[in-house]
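All remarks here apply to the structure that follows.
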Amino acid sequence: MEKEKIVAILEAARFAPSGHNDQPWKFVLVRNKETLGRLALASDDQNFVAEADSVICCCATTTNYLLQNEIQGYSLDLATSIAFMMLQATDLELGSCWIGAFNETKVKKLLRIPDQVKVISLLTVGYAHYVPPPTARKEMSEVVAAENYNEPCQWG
Ligand SMILES: Cc1cc2nc3c(=O)[nH]c(=O)nc-3n(C[C@H](O)[C@H](O)[C@H](O)COP(=O)(O)O)c2cc1C
């Protein structure tokens, strides 16, 4: 994959919004084939991880900030940056997959990630071998309410 495309994807993460503009993240770009293979083993043997052009290991550098509603800020910040990368990848006609099933201890050891850092996700990126059929989604009326929680939205 072209370097400019990887840079564009990483820039999408760098420019993502975060609570207090803390930017509590660090992204480890992995392209070495042997390391990709080891990441696949650390990810429940999901073989396509080894076959990806690149894997971006998405880390939270600070994990101690709670929003007023007691939701942990770092998971929202990281999820936002990951979603931005996925949208950028799609815009560049690349495939990407959010990998949540991985052994954090193994990934941290492999990529020499410090103890206090939390690995949120591995993101595979590359040219897709094929485009899978779209997956199902709940109906709009099931997931959108109008004016109050109990009133289904009639639009869509
Ligand atoms: C938090 C999270 C964890 C995920 N973990 C994995 C994973 O480990 N392996 C995988 O193949 N897909 C994983 N996915 C992708 C979802 O399975 C996928 O987005 C969902 O099935 C909908 O499919 P679609 O995105 O192709 O529409 C994950 C997605 C999210 C948001």
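Predicted model only: the values in this text are computed from it and were never measured. As the structure lists them, so they are numbered: ligands from 1, and atoms in each ligand from 1.
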task = Please name all residues satisfying salt bridge (Lys or Arg N to Asp or Glu O under 4.0 Å) with E11, sequence neighbours left out, ordered by chain then number.
result = R14
message = If you apply the rule side chain to side chain contact (heavy atoms under 4.5 Å, CB included), what do you find for L122 with V30, and how did you get there?
response = CA-CA 10 Å; L122 302 173; V30 179; over 6 Å; no
task = Determine whether V107 and W98 fall in the same hydrophobic cluster, where Ile, Leu, Val, Met, Phe, Trp and Tyr are linked whenever their side-chain heavy atoms lie under 4.5 Å apart.
result = no
query = So which protein residues pack against ligand 1 under 4.0 Å, heavy atoms counted?
reply = Q46, F48, C97, W98, I99, G100, A101, T135, R137
inquiry  = According to salt bridge (Lys or Arg N to Asp or Glu O under 4.0 Å), who are the partners of K118, at least two apart in sequence or on a separate chain?
reply    = E104
query = What ring-ring contact (aromatic ring centres under 6.0 Å, His included) pairs are there with at least one residue in residues 46-96, not counting sequence neighbours?
reply = H20-Y65
ask   = Could you give the distance from CG (L36) to CZ (R31), rounded to the nearest 0.5 Å?
value = 9.0 Å
